[in-house]
Protein chains: 2
Amino acid sequence: MKIKPTSDSAKSMTGLILEVFRLNGALLEAGDSLVSDIGLTSARWQVLGGIAYSDEPRPVAWVAQDMGLSRQAVQRIVNDLKKAGLVELQPNPRHARAKLVLLTKEGQRRLAQASERQAKWVEELAKDLDPEDIANAASVITAASNRLLGEKSIRRQDPKT
Amino acid sequence: MKIKPTSDSAKSMTGLILEVFRLNGALLEAGDSLVSDIGLTSARWQVLGGIAYSDEPRPVAWVAQDMGLSRQAVQRIVNDLKKAGLVELQPNPRHARAKLVLLTKEGQRRLAQASERQAKWVEELAKDLDPEDIANAASVITAASNRLLGEKSIRRQDPKT
DNA sequence: ATCAAATTGACAGCATGTTGTCAATATGAT
DNA sequence: ATCATATTGACAACATGCTGTCAATTTGAT
């Protein structure tokens, strides 16, 4: 078989990709264990955060849009969160179906707990690493993401089109 | 609320984490579209690669171990691949149940196609990026992963313990 | 005011990964 | 040789995400 020449950039990039997969997995796992005893999972935590993100209560579809997740994915999680009493629905004067989602007291409490813990966790994770290096790494990764996502329309709702 | 001081490292790290999530998603999506018309998905492609990785055919459990995925996840994919005719099972002289998995001709063909395409793809993705920068980014990410994974035993099989 | 198009939640089906349980099979200590 | 333990695949339940379809509701152009 003929040897295919591979550029240095490509070789480095292949390594980077593998490391990104690895870190992604590690982060999800860490996130889960970080909040599991608060009765949360990474996904629920994320959605809870997405809901709390805006001052005004919004419909599920809007939250999803902002979070870059599909409408239905968020919908399901919200349903779960509602069952768990961390979230409640408010009538929407503008739209009969699209009720407004907001955190319950309990939801706020849990999210605050998670956030606090997360802050300490990141602090620990970043300890002794050079902020410059970290920022540079983020730049490279952003560049790669943009290259991948840039070409296609950044659609995230129903692909009904 | 009292403002919590946050170190520069932690701030950078938070940004990096978000970018890693973003790139991870972009990579999966790119991977899927890269091989979809070959009749593969990212997951199947990965497993196919894991099987081809060793010279000797191995049982599913071993492949899973090597890939850092759970035994059952790989098992299910392998079952699918078998149905699709990309993989076949060979009797294992050492173990009656743990049959050996190997690629069929067709499986090899598809994998080769995917690999070739992937090489070009990475080349394009890395184009104009400094290999040094990429390598540095990978280092930072590796450091973070190690910090997260390092503490716990790197177990990946049944947690029956 | 009317009617086509967009938005939205409900429901359902699929892909992927995890975990737990079970039975068959090896392995290893005695 | 025997028996506890580990490995392994099958099966099932669950979490998470995606997509498609449908009906209710809004919106907007006319």
Side-chain angles (χ1 to χ4, degrees), chain A residues 21 24-29 31-33 35-36 39-48 50 58-65 67-84 87 89-101 155-161, chain B residues 21 24-29 31-33 35-36 39-48 50 58-65 67-84 87 89-101 155-161:
Chain A
F21 283 147
N24 187 77
L27 286 172
L28 288 185
E29 195 179 328
D32 276 338
S33 29
V35 296
S36 67
L40 292 177
T41 63
S42 286
R44 291 176 189 196
W45 179 16
Q46 190 193 358
V47 171
L48 224 45
R58 292 170 301 167
V60 167
W62 294 27
V63 176
Q65 175 93 48
M67 297 200 313
L69 283 180
S70 79
R71 181 167 56 86
Q72 296 298 31
V74 175
Q75 182 74 54
R76 193 174 46 65
I77 302 281
V78 165
N79 290 342
D80 292 349
L81 288 173
K82 187 183 162 197
K83 262 185 209 144
V87 135
L89 300 181
Q90 212 176 41
N92 183 352
R94 321 261 202 83
H95 195 303
R97 304 195 80 196
K99 302 195 191 116
L100 306 174
V101 197
R155 207 185 344 83
R156 262 304 165 177
Q157 280 298 102
D158 292 291
K160 240 175 197 167
T161 334
Chain B
F21 283 146
N24 187 78
L27 285 172
L28 289 184
E29 195 178 327
D32 276 338
S33 29
V35 296
S36 67
L40 292 178
T41 63
S42 286
R44 292 176 189 196
W45 179 15
Q46 190 194 356
V47 171
L48 226 44
R58 291 169 301 166
V60 168
W62 295 27
V63 177
Q65 176 92 48
M67 296 201 314
L69 282 180
S70 80
R71 181 166 57 87
Q72 296 298 31
V74 175
Q75 182 72 54
R76 193 174 46 66
I77 302 282
V78 165
N79 291 341
D80 292 348
L81 288 173
K82 187 183 161 197
K83 260 185 210 144
V87 134
L89 299 181
Q90 212 176 42
N92 182 352
R94 320 259 202 83
H95 196 303
R97 304 195 80 195
K99 302 193 192 118
L100 306 174
V101 196
R155 208 182 345 83
R156 260 303 165 178
Q157 282 297 102
D158 293 288
K160 238 176 199 166
T161 333

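Side chains included, hydrogens not; waters and symmetry mates left out as well; all remaining heavy atoms used.
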Minimum heavy-atom distance A:D80-A:R44, with the two atoms named = OD2-NH2, 3.6 Å
With no hydrogens and no angle check, do the side chains of B:D32 and B:T41 hold a donor and an acceptor under 3.5 Å apart?
-> no
Given C:dT18, C:dT25, C:dT8, which nucleotide is nearest the side-chain atoms of B:L69?
-> C:dT18
In chain order, what residues pass the side chain to side chain contact (heavy atoms under 4.5 Å, CB included) check against A:N79, with sequence neighbours excluded?
-> A:Q75
note: B:L100, atom CG; C:dT25, atom P; distance rounded to Å ~ 16 Å
Looking only at D:dT8, D:dG9, C:dA26, the nucleotide nearest the B:W62 side chain is D:dT8
Specify the closest pair of heavy atoms between B:P93 and B:P91, including all atoms of both residues, with the distance to one decimal.
-> CD-O, 3.5 Å
How many Å lie between CG on B:N79 and P on D:dA12, as a whole number?
-> 13 Å
Closest heavy-atom pair and its distance - A:R58, A:V63 | NH2-CG2, 4.1 Å
Rounded to whole Å, the CD-P distance (B:Q75 to C:dA23) equals 18 Å
Select one nucleotide: of C:dT8, D:dG9, C:dA26, the one nearest the side-chain heavy atoms of A:A98.
-> C:dT8
Verify the contact: side-chain N or O of A:S70 to OP1 or OP2 of D:dC18, cut-off strictly under 4.0 Å; return yes or no.
-> yes
Do A:P59 and A:L100 come within less than 4.5 Å of each other through their side chains, counting heavy atoms only?
-> yes
I'd like a table of atom pairs between the protein and nucleotides 12-16 of chain C - only N or O on both sides, under 3.5 Å - with the distance next to each one.
| unit_1 | atom_1 | unit_2 | atom_2 | d |
| --- | --- | --- | --- | --- |
| C:dT16 | OP1 | B:T41 | OG1 | 2.6 |

Figure out the CE/C1' separation between A:M67 and D:dG17, and round it to whole Å.
-> 12 Å
Round to the nearest Å and state the distance from B:N92 atom CG to D:dG9 atom C1'.
-> 13 Å
What's the closest nucleotide to the A:A73 side chain, out of D:dG17, D:dG9, C:dG9?
-> D:dG17
Would you mind telling me which of A:Q65, A:M67, A:Q46 makes a side-chain contact (heavy atoms from CB on, under 4.5 Å) with A:V74?
-> A:M67
Whole Å only: how far is the CD atom of B:Q65 from the C1' atom of D:dT7?
-> 11 Å
For B:R58 and D:dG9, what is the distance between atoms CZ and P respectively, to the nearest whole Å?
-> 12 Å
Rounding to the nearest 10°, end axes of the helix from C:dA1-D:dT30 to C:dT30-D:dA1 built from five pairs each make an angle of 20°
Between B:H95 and A:R94, which is nearer to the 5' end of DNA chain D once each is assigned its nearest nucleotide?
-> B:H95
note: B:R71, atom CZ; C:dC22, atom P; distance rounded to Å ~ 14 Å
